[in-house]
Participant: 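Quick one: this structure, given as structure tokens, is what I'll be asking you about.
Just so it is clear: chains get the letters A, B, ... in the order the sequence lines come, proteins before strands, and each one is counted from 1. Remember, it's a predicted structure, so these values are computed and weren't measured experimentally.
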Number of protein chains: 2
Amino acid sequence: MEEFAAVSGISRPTVSKYFNDPGSVRPSTRKRIEAALEEYDYSPNVFAMNQNRRKTKNIGVVVPNLADPFFSEIARRVELACIDSGYSPILLSSHGRPDMEKTNLASLRSLKAAGVLLAPFGRLSESEAIKAFDADFPLVLFDANMSDIGQAFVGTNNSQSVDLMVEYLCRSGEPPCFFEMKYPTNPNANKRRTAYIESMERHGQKPHIFQADGEGWNFEEIGRYEGGRFLSENAFPTNTVLCSNDRLAIGMLSAAYGLGFRVGQGAGCHIRIAGHDDHPFSRFTCPPLTTIAQDYEAIANRAVGTLFGMLESEERLTQRQETLFEGRLIMRDSA
Amino acid sequence: MEEFAAVSGISRPTVSKYFNDPGSVRPSTRKRIEAALEEYDYSPNVFAMNQNRRKTKNIGVVVPNLADPFFSEIARRVELACIDSGYSPILLSSHGRPDMEKTNLASLRSLKAAGVLLAPFGRLSESEAIKAFDADFPLVLFDANMSDIGQAFVGTNNSQSVDLMVEYLCRSGEPPCFFEMKYPTNPNANKRRTAYIESMERHGQKPHIFQADGEGWNFEEIGRYEGGRFLSENAFPTNTVLCSNDRLAIGMLSAAYGLGFRVGQGAGCHIRIAGHDDHPFSRFTCPPLTTIAQDYEAIANRAVGTLFGMLESEERLTQRQETLFEGRLIMRDSA
DNA sequence: ATTAAAAATTAACGCGCGTAAAGAAAAATC
DNA sequence: GATTTTTCTTTACGCGCGTTAATTTTTAAT
């Protein structure tokens, strides 16, 4: 920067000021800098910049696993929302490992992030580390809630969305059984189970819950193996299954195909399968999956908006905010 | 670090040495530092560390789009291979935007990456920027090749893999048509088309190529729309279609389902569909997709190994290396 | 106990930039 | 033209650490 300032004929502090905000220097000097920029293609070291800044423009975005298309989709929207507001998002995936969530927060500490948007693991998260981070940085949670952590949470209203699906399934055929992981890592899974039970009781139906054994992130495989087991044992008392999320449903769909079960609502179909989340692949399954779409756009925008509001007012929220958006029923052919 | 060194009773340079390599200090001082670490939970700022190091342990990994499960899968393996070798991978996705590929390389410049593994866009990449980067950093390309860029390339032997598939399809039924994007961004697509044509001619068959209109990364949607169009127009002269990649095949499978075409090789099936890449979802499609598995593991390990070899010898390769691994035929039910 | 080798300490500089203060220069106002 | 305001320049320090060189201390070897 020293050298670049010399060749452009401007002092280094002014050049520094320019890179911080090009509009903050006189138009004539701005032109000289930009002319020199054309010729010598210099660009400042972003990490050295943030080393010493009071407030950076870096926003940390941490998700549990980018290999899950659900998270890559919502992360993409969050990133775009940040960029639109003039901030630089830094996307970090924890690759399914809670210890890496901690590492990622440490990185964001080093980077002096202005604020962080975190989709935590939930039960598996190292909550002490997150709490410590929360104390020092503006933190907004999304997707998965954790009590008393973060100044705000933005997510989907699982009881509304599951009720919507249960209502639809009851109205259009036999009431649904519920298929989920036995040891879900994500707190939404618990909310959905509870919502299913309550909704079924409201409809005067008996809830039936089926839990898949298995650990890890290989949900489709678990859905196929365990779902296939329940199907072949004829374990479901009704012909309708609501899966806790689309990835399980995709696996179950695959199992049903393998067993020769026709899936759908038409005549000649043996079973109806529904999911939750509107996973990017759900529209391409055979048959296309009936599911609940989370309002990715609204969740991303609200999470980002809430964080930026905090950044601008420069004070912590007096009270923790929780915002839940409604899910939308996506009727396709599987149920 | 100053403070931490004070409370641990060790000088700062020694503490610095410890963090650089815990084994490089005397066991007794190591114990004292680690005891202090327990109590005061300090951790060095990774970005400040790299600011001034001769050789960092940072390896940049740049992929065009992490939202594509193919890339998230191979990136995962590359990351693990780096970690196993004691380096810190920094994974950057260009989100489908070639200009962001350039930005990502600039970030890695700032970070003083010891070396970079890059899966370039190919035709759309800003090759001047990559060349400039290549001149200053050890660079290994994987997945997609670009002539004269990078000191090495590691990928799949498309002519072998496509030939393997064509041979299988010809042997087990009618010879395949080829379905691809009209304007593929990835150089592998062109290699596969050429390989298909040559292989068909070797088998004494006439090649038939069908190209899908459409831009962007929404391959499944394009595969469904355009594949569905060809199917419903009865455009394919044989009952077998080889898709240039699995994502197109997944879309086409969905179209076939919608049109009531039974896919597979058994009696009563109308069409066979095959793909290429063994996409993580391919085993869950209905029917499961017959495809070519790239040897992710070998590609990742060789790419990482080649780069680390360069890092240790501290000199550029005298000649550009190209390593191609063979694809493996994965026979499932779709063809 | 003596000596050589290994490890730690002290002191100082550098990385690439942000930032603050004081003064000089340029632009805007009258 | 004189005055005020804005913008630059100069100078200097700091961020959090790596790294070096000279010196001292500790450990291992004789």
Participant: With heavy atoms under 4.0 Å as the rule, sort A:Tyr42 into base, sugar-phosphate or nothing.
Facilitator: sugar-phosphate
Participant: In terms of side-chain heavy atoms of B:Pro13, which of C:dA8, C:dT10, D:dA12 is nearest?
Facilitator: C:dT10
Participant: Do the side chains of A:Ser125 and A:Ile149 get nearer than 4.5 Å, heavy atoms only?
Facilitator: no
Participant: Can you find a side chain N or O atom of B:Ser11 that sits less than 4.0 Å from OP1 or OP2 on C:dT10?
Facilitator: no
Participant: I'd like to know if A:Arg12 reaches the base of C:dG18 with its side chain such that a donor and an acceptor end up less than 3.5 angstrom apart.
Facilitator: yes
Participant: Nearest to the A:Thr14 side chain among D:dT9, D:dG18, C:dA27, which nucleotide is it?
Facilitator: D:dT9
Participant: Starting at the 5' end of DNA chain C, which residue's closest nucleotide do you reach first, A:Glu2 or B:Lys17?
Facilitator: B:Lys17
Participant: Using whole Å, report how far CG of B:Asp21 lies from C1' of D:dG18.
Facilitator: 15 Å
Participant: With distance as the sole criterion, is a donor-acceptor pair present between the side chains of B:Ser107 and B:Ser110 under 3.5 Å?
Facilitator: no
Participant: Measure from CG on A:Asn50 to P on D:dC17 and round the result to the nearest Å.
Facilitator: 15 Å
Participant: For a quick check of understanding: with a heavy-atom distance under 4.0 Å over all strands, which category does B:Asn20 fall into, base, sugar-phosphate or nothing?
Facilitator: sugar-phosphate
Participant: Decide if atom NZ of B:Lys102 counts as having more than 12 heavy atoms of other residues, nucleotides or ligands within a radius under 6.0 Å.
Facilitator: no
Participant: With a 3.5 Å cut-off and no angle check, do the side chains of B:Glu3 and B:Tyr40 form a donor-acceptor pair?
Facilitator: no
Participant: In terms of side-chain heavy atoms of A:Asn45, which of D:dC8, C:dC17, C:dA8 is nearest?
Facilitator: C:dC17
Participant: Nearest whole angstrom, please: distance from the P of C:dG18 to the CZ of B:Phe47.
Facilitator: 17 Å
Participant: Taking N and O atoms by type only, does the side chain of B:Asn52 place a donor or acceptor under 3.5 Å from a partner on the base of D:dG18?
Facilitator: yes
Participant: Hey, is CZ on A:Arg76 packed in by over 12 heavy atoms from elsewhere, all under 6.0 Å?
Facilitator: yes
Participant: What nucleic acid atoms does B:Tyr18 come within less than 4.0 Å of, heavy atoms only: base, sugar-phosphate, or nothing?
Facilitator: nothing
Participant: Rounding to a whole Å, what distance do you find between B:Gln51:CD and C:dC13:P?
Facilitator: 19 Å
Participant: Hey, is the main chain of A:Val46 close enough, under 3.5 Å, to the side chain of A:Asn50 for a donor-acceptor pair?
Facilitator: yes
Participant: With respect to the side chain of B:Ser16, which nucleotide from D:dT7, D:dT9, D:dT19 is positioned closest?
Facilitator: D:dT19
Participant: Taking CD1 from B:Ile33 and P from C:dA7, how many angstroms apart are they, rounded to a whole number?
Facilitator: 14 Å
Participant: B:Ile10 has an atom CD1; how far is it from atom C1' of C:dT10, in whole Å?
Facilitator: 14 Å
Participant: Taking NZ from B:Lys112 and C1' from C:dC17, how many angstroms apart are they, rounded to a whole number?
Facilitator: 12 Å
Participant: Start at the 5' end of DNA chain C and walk down; is the nucleotide closest to B:Val15 or to B:Ala48 reached first?
Facilitator: B:Val15
Participant: If I take atom CD in residue A:Glu3 and atom C1' in nucleotide C:dC17, what distance separates them, rounded to the nearest angstrom?
Facilitator: 14 Å
Participant: Check whether any side-chain N or O of B:Thr29 sits under 4.0 Å from OP1 or OP2 of C:dA8, and answer yes or no.
Facilitator: yes
Participant: Within the 4.0 Å heavy-atom criterion, would you say B:Ser110 contacts the bases, only the backbone, or no part of the nucleic acid?
Facilitator: nothing
